[in-house]
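Report on the following structure.
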Amino acid sequence: MSFIEELKWRGMLHDITPGTEKLLKEDFVSAYVGIDPTADSLHIGHLVSIMMLKHFQVAGHKPLPLIGGATGMIGDPSGKSQERTLLSEEVLRHNEKAIHKQLIKFLDFDSVKNKAEIVNNYDWMKDFSFLQFLREIGKKISINYMISKDSVKSRLETGLSFTEFSYQLIQAYDFLHLYQNKNCKLQMGGSDQWGNITTGIELIRRTTGNEAYAVTCPLITKADGGKFGKTEQGNIWLDSRYTSPYNFYQFWLNCSDKDVERYIKIFTLMPREEIENLIKEHCKEPHLRKLQKVLAKDITIRVHGEEEYNLAVEASGILFGKGTTEMLLKLPEDVLLSLMEGVPKHTISKSSIENKISIIDFLTEETGVLPSKSEARRALKEGSISINKKKENESKYVSVDDLINSRYIIVQRGKKKYFLVIAE
RNA sequence: GGGGGGAUUCCAGAGCGGUCAAAUGGGGCAGACUGUAAAUCUGUUGGCUAAGCCUUCGGAGGUUCGAAUCCUUCUCCCCCCA
């Protein structure tokens, strides 16, 4: 199966320039995807374009992940309704390093024939003077052309700084630079990058007279219309400091049936036949949630490793399975703590519960698990509060007898929301 | 510049002197069902020392026993005419 066919059946092809398929068939090609270092970790949204590069490499071509050390200093207006604040150079350099480390996990950097190579546009932009840039590059692209791009057009009403306006030209130059220095003829990215990519193609055409190509993938959506990759707590990051492996695993496990079929095609490398069989099985026995489990396993192992995956599964079993108070009481402290990783923690002084206190005070004043006493009363009336896995009502008093390992109390609001209260 | 309409609790949007912590819908949260899914149904959705009290209906004043509702003024938004 060709690279393009692969993308097609996986639902990863949104737009493609004419002739791309022919080029890939006849030549050994390099392609790049740009990632701006706006944070010191990638999130799962980035994973889509990384998977494009991965498939590209599997198809025998050479992937060039580009870290936007320069473009990150400018800010891409694509898909943004507002001007953004600039990151300091120090932060950017730090972010670049972190992202570099993460990228290494996903692509093959050792292959003799087509090893991946990370490039950073800061390397070629940092010594390119403003005047030189205007004379060499700016002269080739007209304002009219740049303004006609959606990313710019949509911002003309609300305002757009010259800085962000310039972004597409810098990205276009990246493409030209890679074309000339790395023989890179293809740029890939999310569909929101189409405008920027075609500006690059135009620049290459005007500079060299040659053709360059683009492939974009659709924006990943959720069936319920929400933003992909976001939870109440924010983005799902690849870095375990920001999203614990447990939460990462849970995110995939919680995908709805509608979404999971699309996601497993995008985020795993599993072959078509295997995925189609899985989907069939899933339809037969949806309650087993096989697809979600396979997807969560595959991607958690690739991002965090097998050991972290096993811990996440184990934790899920205890928290969502038929876990009882007795089970919790038996857990060693370190297991309990790793289980509670990524769960909001609240501290309380041990002395405050030496005498019994009402559960309402415990939930609000003492720990801040719930924001007001009204809400606490309501929750208790609804039967949504559990202490150490046991449902409680308003008549409950909390005391040192409730402490697990004489230090912890596990509070649940509803089925899924956990809080760990630590008595000190 | 002239004329008109509007600002209500997370959002949309009723209310137009007491029965208003404010209809209804959406969203949120929870319960039931289930599969940690979806759909559906139910409850709930300002705070507190809770059959009571306090703070809320763009801001500031005023009328009144009593104001989200009436008056004055300010701020902001929308529409129409020039």
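Keep in mind that this is a model prediction, so the values were computed, not measured. Chain naming here is simple, since letters A, B, ... match the order of the sequence lines and numbering starts at 1 in each.
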Handout entry: N/O donor-acceptor pair under 3.5 Å between A:His61 side chain and A:Val29 backbone
Key = yes
Exercise for the section: May I ask which nucleotide in the shown strands pairs with B:C33, Watson-Crick or G-U wobble, both distances under 3.5 Å? Expected result: none
Problem - A:Gln168-A:Thr199 side chain donor-acceptor pair, cut-off 3.5 Å - result: yes
Practice task
For A:Leu403, check side-chain contact (heavy atoms from CB on, under 4.5 Å) against everything at least two apart and list the hits.
Solution key: A:Lys350, A:Ile353, A:Val400, A:Ile409, A:Ala423
Fill in the blank from the handout: B:U75 -> Watson-Crick or G-U wobble partner, both distances under 3.5 Å, gives B:A7
Practice task
Could you tell me which nucleotide pairs with B:A68 by Watson-Crick or G-U wobble geometry, both distances under 3.5 Å, or answer none if nothing does?
Solution key: none
Handout entry: Between B:A22 and B:U9 - P atom distance, rounded Å
Key = 15 Å
Handout entry: Separation between the C1' atoms of B:C80 and B:G28, rounded to whole Å
Key = 40 Å
Exercise for the section: Mark up nucleotides 30-38 of chain B, 5' to 3', with B wherever a protein heavy atom is under 4.0 angstrom from a base atom, S wherever such an atom reaches only the sugar-phosphate, and - elsewhere. Expected result: SS--BBBB-
Handout entry: Nearest-Å distance once atom P is located in both B:G27 and B:C33
Key = 23 Å
Exercise for the section: Classify the side-chain pair A:Gln171/A:Asp76 by whether it contains a donor and acceptor separated by less than 3.5 Å. Expected result: no
Practice task
Could you give the distance separating B:C70 and B:U19 at their P atoms, to the nearest angstrom?
Solution key: 16 Å
Problem - Distance, P atom - from B:G46 to B:A21, rounded to whole angstrom - result: 13 Å
Problem - Pairing partner (Watson-Crick or G-U wobble, both distances under 3.5 angstrom) of B:G1 - result: B:C81
Practice task
Take the angle between the ring planes of A:Trp252 and A:Tyr263 and call it parallel below 30°, perpendicular above 60°, tilted in between.
Solution key: perpendicular
Handout entry: Cation-aromatic face contact A:Arg93/A:Tyr122, 6.0 Å, 45 degrees
Key = yes
Problem - Closest heavy-atom pair and its distance - A:Ala312, A:Pro245 - result: CB-O, 4.1 Å
Exercise for the section: Please work out whether the ring planes of A:Phe267 and A:Phe228 are parallel, tilted or perpendicular, with thresholds of 30° and 60°. Expected result: parallel
Exercise for the section: Heavy atoms under 4.0 Å is the rule here; annotate nucleotides 47-54 of chain B 5' to 3' with B where the base is hit, S where only the sugar-phosphate is, and - elsewhere. Expected result: SSSB----
Exercise for the section: Using the C1' atom on both, measure B:G25 against B:C74 and round to a whole Å. Expected result: 34 Å
Problem - Base partner of B:U63, which must satisfy Watson-Crick or wobble distances under 3.5 Å - result: none
Handout entry: Exercise: do A:Ser384 and A:Lys415 side chains pair donor with acceptor under 3.5 Å
Key = no
Problem - Identity of whatever pairs with B:G27 - Watson-Crick or G-U, under 3.5 angstrom - result: B:U45
Problem - Nearest-Å distance once atom C1' is located in both B:G66 and B:U75 - result: 28 Å
Practice task
Pick the P atom in B:G18 and in B:A82, then give their distance to the nearest Å.
Solution key: 42 Å
